[in-house]
Protein chains: 2
Amino acid sequence: MASRAKATILDIAREAGVSKSTVSLVLQGSGLIRPETAVKVRKAIEDVGYVYNRGAANLRKAHSNVIGMVINDLTNPFFAELAVGMERVFQAAGVVPFIANTAENPVRQEEVLKSMMEQGVAGLIVSPARGTTPGAFRRIEAAGVPVVFAMRRLPESRIPAIAPDNHRGAVLATEHLIRKGHRRLAFFGGSSDLVVYQERLGGFLEACETLGIPAADRLIVEGETSRKGGMACLETALAIPEPPTAALCFNDAVAFGVMLALRKRGLEAGTDFAVVGFDDVAEAEHYSPALTSVAVDTAGLGERAAHVMLKMIQSRTTRAEDHIGAVSLVVRESSGPDRNTQVGDAA
Amino acid sequence: MASRAKATILDIAREAGVSKSTVSLVLQGSGLIRPETAVKVRKAIEDVGYVYNRGAANLRKAHSNVIGMVINDLTNPFFAELAVGMERVFQAAGVVPFIANTAENPVRQEEVLKSMMEQGVAGLIVSPARGTTPGAFRRIEAAGVPVVFAMRRLPESRIPAIAPDNHRGAVLATEHLIRKGHRRLAFFGGSSDLVVYQERLGGFLEACETLGIPAADRLIVEGETSRKGGMACLETALAIPEPPTAALCFNDAVAFGVMLALRKRGLEAGTDFAVVGFDDVAEAEHYSPALTSVAVDTAGLGERAAHVMLKMIQSRTTRAEDHIGAVSLVVRESSGPDRNTQVGDAA
DNA sequence: CTGAAAGCGCTTACAG
DNA sequence: CTGAAAGCGCTTACAG
């Protein structure tokens, strides 16, 4: 079965009757080689079942063609889509993207990052795990390996970030809700240790401010950024004396949870309570009722991040501009008008 | 910023005033080194900002600690869960799992596999893309690198496979439907180029046979294994003269599509038409109505695959037993009784 | 166009 | 316990 001894360029050289330099040159597609020779060598490569040893080449060349993508939660379709977008452009550029999952765990992330560095990656694209400490990337930066953050960023870090315009998205969504007649609004899910949270919540608050929703009519419920978290948020909100009639959710997962909790109470999103999500994952469109959400062009952002990384590697720099992606509100069924709006409300 | 020249063990040796062999030994945690020396060396490692060059080490040791996981569709939560399950055990075993996505594209898969081999992986776990040719793994087998298939297998391949008991799962689901009074049954989605399809369809047909559903009352509609595919299947099925009243779907994605299409026609899964999915993804439970599905213990299968791989590497073999995972039917709301069952039917 | 030689960063016997 | 030396598979000047 297994051909025990791996073939090397020396075996090829012997087989083809040339020197190993010549083999190396045809491996690299050099134009210096006479076509007949190249053909002969390529045949030998086939014959001996050669597998290029990129590790050895990288060692000699002192650089690699692998880029690490470190994702905080691969089971979230949102991040999976991001990864797929990046992969596409890397593949096209002839670099090999390796994905690793940190499961939202900073310790795990530390290990993964270390592995990637030891493997000699040319660059790292990371969507940092929650609770990542500011120092987590110091050694990597010191080693001169380019890093870009995707979707998430760290407070006071100089590492370039590619992210959607979270503030703007939240403003759009909140204005939409207010225009629909809602006067008591909630912001559901997430927590303040995430920069993204601050941006989205900031947009929500700004829109409330601008359109005259007083602080007393704004409810903020922190929570897990999952379906479960969303369910809890709704329960909390509905338990207060004058509950909100609409909510902007930290992300779509939270929004799905809210809709689920509504249904359990015999209420329907859109008619009894308005809900808006964030991210516009593929499922939003297919949910019932279909979820109004802020579209962030996930795959596009992924591609962008990959391009930025490629350019950083090429120009041997560790710096780049941040990129804030455009967002848009996709209005569907889940965000209907306030039922009581003509009866007069304004708590 | 970037410390241009990377530190090597020679730098550490110089810094610590020892030889590089000594440094290498402490790097490997050898017990041969006097504690004080080790401490001194470790300090030097910190001081010079050393990053272990695993590529160089692997070159010398002629083996690596990276394992490749090649997944056919990372955006499908089902496969993402599988990957995460595997990652967990690898991480614990000190090996580095790198994930790559083939997007269900055999050509892409070819490239990814090649990259992985060049990178010198110690083993490969793959969920083969649809349309993978039997020869796709010949070179890898010839090179003596262990491969295991997860979830999917190839016809007439000797590569060990870890997969759920698809046949049994389909039998359970079909029996359930028949016991609920359904007499005209459909099998929705998938296509015969997938071994999994043949297994699941086989179970469906066997149960029909056993419980006396004649061939004339069985409808098989092939289709994409996605929501979209499911929607199309339902349309096709409802267009025939005596349409089925229940369907076993190739997977949950197809089932979600069927439920969507039902709703668009003002019908409700569970009361107007029974639907059963396959895989029992996390979402099945939260859907409305909640989806009856065949649970396959995805994460468990992933862990199992990882363990098999680890053992193969350890015992330097390229062979292992197949593993067929137990399945169970999780009955929820989407599979109600046939409404007309007492009125008499049997086309 | 092709060959001989050095060296990338590590590990592994082999002496001491 | 520690040091000197060889070698893993490749690439890169440097001659010819």
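As a basis for the values below, the full set of heavy atoms in this structure was taken, side chains included, without hydrogen atoms, waters or symmetry mates. Note on naming: letters A, B, ... go to the chains in the order of the sequence lines (proteins, then strands), and numbering restarts at 1 for each one. All figures in this text were calculated on a predicted structure; none of them were measured in a lab.
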What is the distance, to the nearest angstrom, from the CD1 atom on B/I12 to the P atom on C/dG9? 12 Å

Full working for side-chain contact (heavy atoms from CB on, under 4.5 Å) between A/E303 and A/M86: CA-CA 5 Å; A/E303 290 175 16; A/M86 297 194 280; over 6 Å; no

Nucleotide C/dA5, atom P - distance to CG of A/L10 in whole Å: 13 Å

Looking just at side-chain N and O atoms, do A/Q109 and A/T132 make a donor-acceptor pair shorter than 3.5 Å? yes

Among side-chain atoms of B/N72 and B/T102, is any donor-acceptor pair under 3.5 angstrom? no

State yes or no: are the ring centers of A/F149 and A/F137 separated by less than 6.0 Å? yes

Please answer whether the main-chain N or O of A/R42 pairs with a side-chain N or O of A/E46 as donor and acceptor at a distance below 3.5 Å. no

Salt bridge (charged side-chain N to carboxylate O under 4.0 Å, His left out) between A/R153 and A/D322, worked out: CA-CA 10 Å; A/R153 80 187 73 206; A/D322 283 0; 3.6 Å; yes

Please write out each protein N/O paired with an N/O of nucleotides 13-16 of chain D under 3.5 Å, distance rounded to 0.1 Å.
none

Whole-Å distance between C/dT2 P and A/I9 CD1? 15 Å

What is the distance, to the nearest angstrom, from the NZ atom on A/K20 to the P atom on C/dA6? 11 Å

Does the pair B/E87 and A/R108 meet the rule for a salt bridge (charged side-chain N to carboxylate O under 4.0 Å, His left out), with working shown? CA-CA 11 Å; B/E87 239 192 345; A/R108 181 81 167 271; 3.6 Å; yes

Along DNA chain D (nearest heavy atom to each residue), the more 5'-positioned of B/G17 and B/L59: B/G17

Is any side-chain N or O of B/S19 closer than 4.0 Å to OP1 or OP2 of D/dG3? yes

Return the value, rounded to whole Å, for the distance between atom NZ of B/K6 and atom P of C/dG9. 9 Å

What is the distance from CZ of B/R14 to C1' of D/dG3, rounded to the nearest Å? 16 Å

Is the closest side-chain heavy-atom distance between A/I9 and A/Y50 below 4.5 Å? yes

Could you check how far CG of A/N58 sits from P of D/dT12, rounded to whole Å? 11 Å

For A/T22 and A/S19, does a side-chain donor sit closer than 3.5 Å to a side-chain acceptor? yes

For DNA chain D, what string of dots and brackets results from 5' to 3' when Watson-Crick and G-U pairs need both distances under 3.5 Å, crossing pairs get [ ], and pairs with another strand get |? |||.||||||||.|||

So which of residues 22-39 of chain A are in contact with DNA chain C, with a heavy-atom cut-off of under 4.0 Å? A/T22, A/L32, A/I33, A/R34, A/T37

Is a side-chain donor-acceptor pair under 3.5 Å present for B/S115 with B/Q119? no

Rounded distance (Å) that lies between atom P of C/dC8 and atom CG of B/D11: 11 Å

Are A/R152 and A/E104 ion-paired here, with the side-chain N under 4.0 Å from a carboxylate O? yes

